[in-house]
Amino acid sequence: MISVPFITLLPILVKGIVLNDSGYENIFVGIPRNLQEPQDCGRFLSNLEASFHYASKLLYQATESKVYFKNMSIIIPKTWSNCPRQVTPRVGVAWSRTDLLVTEKGSLGNSAWTLQPKGCGNSGYYSHLPLKMFDNNETKNGITILNEWIKLRYGVFPNIGFSNDPVYPEYYKHNNIIKETACYYSNGTTSGIACNTEDSEKCSFDSCKPEGYPPTKHNILCNRETVKSVIFDHVDIRNRESSVFNMPKFQYFCEEKVKFVLALDSSSAMIDRDNWKFIRIAARRFVLYDLPNNTEIGLVRFSAKAKAETDSLTSLSSDKDRESIVARIPDYPEKMAEKCFECAIRESIKLFEKDGGSAFGNVVLLITSGTANINDLNAAINLARNKQMKITVISYAATSENQHQLASETGGFTEIVPSKGVGSSSHLSMMIRLGDALLSSVQRHLGSSEEFGDLPVQVHEMEYQDTATSIVNGTFVLDPMLNRDNLFALYFYSRDNPYVKRLWLTSPSGKTFEGKSEYSLSGHYFTPLHGVNTVSILLWIINTLL
């Protein structure tokens, strides 16, 4: 059997606002990491705080004293070193994980806007605020923020038309009179959606009931319901009693990379079939090829006791760093059947905390098999909780339900690689699935960070089961829109013929690419191609000489 995956790169986002005792919390305001620090950072942040404070007062008034902004988390670039604020480096926060994004220019230039594809009454994805607006702390900043907030949170839309827009035109005809597209009050004035006044004591949401159905975005998407009625029917506002206003509090964070410890169960359960052999090979692939550059990782093995195989966390800044980790993966498992999860977590914590480091927010990737002692599991969970670290469990070959608690109780994830094979041999797909499980775990933990974009994503896989004794050929298609360098990997298992003599790819233009086998692994992992650029959607040809 031969399996051939082809991999490239893609991104993801995450978020979540909560309402607690009438105050909104977990609101993230993000400033991109590549944005230059303002000349007067203190003044910039003071203006930002004043603008959100005023927007909170307007929101409180317009909702008839029901809700306000309670806590704001501001994510600023790590390179902003002259800001007079206490900035906490924190794992798990990223400017891309924001509800309100402050940038120099968005797709609409210096205008504020909100991405809201879900329709009337549904929350949007995020709002964009132009950096330039915080050059001052004018009260109109608060109105701008409030207008974007009610779009983002409550799902209302602009009550006007737009120039050159065929769906929401700038003008419409009513009773043979051409009017500007808007909702008109009886006195002839047009409405906005929130606070046409800068007086926070008189702020209210638009309650204009249109005549003649002017084709504003709000009228069409919300079926002529007023802006106020949509907001007051939202679950946040409906049936909520009046509350006491509190000033919003601001916390400042900068991004800190997630660090990892790979903890390998080396108990006697791993002697069965090819379990340990496949764990070694999958771990090599993971460290050598899958992890992004500059990822910090350590290695622990455990059975009845645990041992840190690396002296400290290593930053993967070069091939030599990667090789130094895989060289520490033990050749063989141990003969002891017992396993101590608490011991593995203690050793992992030591690695995280060495040289003044912290385990907070960091991740143990734990590969294990078989049953677990409930007292040991609880001790490991308590340790991880106390340090606010996460455990992701990869159950390999033989799974135990209570092992999954290590993940569920600490905010980690669970991956399962089921047993497959015949007699004393494991099926090669187990090794591939284990490597995929490690990669998937890291993808999930890095999902809100920019490092996610440096992770490989499989775009092609094919399994060959030919019994050919000389040459095996195959083909695959790559979309040229990938526009990335790609890595080709060949996995094979043959006890009679433990290595591939030659592998080469033929591009659509007829060019040949070749690579070399990792003989130290008896040919189980073959990675011949670094930087194969996709230039055509035509077929590539795989040629394998056995």
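The shown structure was predicted, so the numbers you read here are calculated from the model rather than taken from an experiment.
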What pair of heavy atoms forms the shortest contact from [X] to [Y], and how long is it?
X	Y	result
T103	P32	CG2-CG, 3.5 Å
E37	S81	OE1-N, 3.1 Å
R240	L19	NH2-CD2, 3.2 Å
I297	I325	O-CD1, 3.9 Å
D290	G435	OD2-O, 4.4 Å
A384	I345	N-CG2, 4.4 Å

Does the side chain of [X] reach to within under 4.5 Å of the side chain of [Y], using non-hydrogen atoms?
X	Y	result
E64	I237	no
E347	K307	no
I76	F44	no
I381	L406	yes
I27	W149	yes
L365	V442	yes
V29	F250	no
E256	K78	yes

Does any N or O in the side chain of [X] come within less than 3.5 Å of the main-chain N or O of [Y], such that one atom is a donor and the other an acceptor?
X	Y	value
Y60	N246	no
S56	F52	no
W80	P38	no
H234	R153	yes
T295	K259	no
T114	Q116	no
R322	L291	yes
N141	N136	yes
N219	P215	no
R301	L264	no

Quick check on [X]: does its [atom1] atom have over 12 non-hydrogen neighbours (other residues, nucleotides or ligands) under 6.0 Å away?
X	atom1	result
K66	NZ	yes
K387	NZ	no
K339	NZ	yes

Check: What residue among I349, V363, T410 forms side-chain contact (heavy atoms from CB on, under 4.5 Å) with M389?
Finding: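 Among I349, V363, T410, the one that satisfies the side-chain contact (heavy atoms from CB on, under 4.5 Å) with M389 is I349.
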Note to self: My understanding is that only one of T368, I367, L366 makes a side-chain contact (heavy atoms from CB on, under 4.5 Å) with D265; could you say which?
What the structure shows: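 Result: among T368, I367, L366, T368 is the only option passing the side-chain contact (heavy atoms from CB on, under 4.5 Å) with D265.
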Check: Checking side-chain contact (heavy atoms from CB on, under 4.5 Å) for the pair H218/V156: CA distance, chi angles, key distance, verdict?
Finding: CA-CA 6 Å; H218 183 82; V156 298; 3.9 Å; yes
Next item on the list: Please step through side chain to side chain donor-acceptor pair (under 3.5 Å) for the pair D321 and S318, ending with a clear verdict.
Entry: CA-CA 5 Å; D321 295 326; S318 68; 3.1 Å; yes
Spatial distance of atom [atom1] ([X]) from atom [atom2] ([Y]) [nearest 0.5 Å]:
X	Y	atom1	atom2	result
C41	R85	SG	CZ	7.5 Å
S369	I394	OG	CD1	12.5 Å
F253	Q86	CZ	CD	9.5 Å
Q405	T414	CD	OG1	10.0 Å
S123	D236	OG	CG	7.5 Å
K249	E25	NZ	CD	9.5 Å

Item checked: Charged N-O contact under 4.0 Å between E415 and R433 ->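 Between R433 and E415 there is no salt bridge, as every charged N stays at least 4.0 Å from the carboxylate O atoms.
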Next item on the list: State plainly whether the residues R385 and E409 are in salt-bridge range, i.e. N to O under 4.0 Å.
Entry: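 Looking at E409 together with R385, the answer is yes, because their closest N to O distance falls below 4.0 Å.
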Margin query: Applying side-chain contact (heavy atoms from CB on, under 4.5 Å) to V364 and F341, what does each step give before you reach the verdict?
Written below: CA-CA 11 Å; V364 176; F341 292 108; over 6 Å; no
Next item on the list: Could you please spell out the steps behind the side-chain contact (heavy atoms from CB on, under 4.5 Å) verdict for L313 and K354?
Entry: CA-CA 8 Å; L313 299 182; K354 190 167 184 180; over 6 Å; no
Next item on the list: Could you pull out all residues at least two apart from T79 that satisfy side-chain contact (heavy atoms from CB on, under 4.5 Å)?
Entry: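 Testing T79 for side-chain contact (heavy atoms from CB on, under 4.5 Å), a comparison that skips the adjacent residues, returns P77.
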Notebook entry, point to check: Please walk me through it: do L299 and L351 pass side-chain contact (heavy atoms from CB on, under 4.5 Å)?
Noted result: CA-CA 9 Å; L299 180 66; L351 287 177; over 6 Å; no
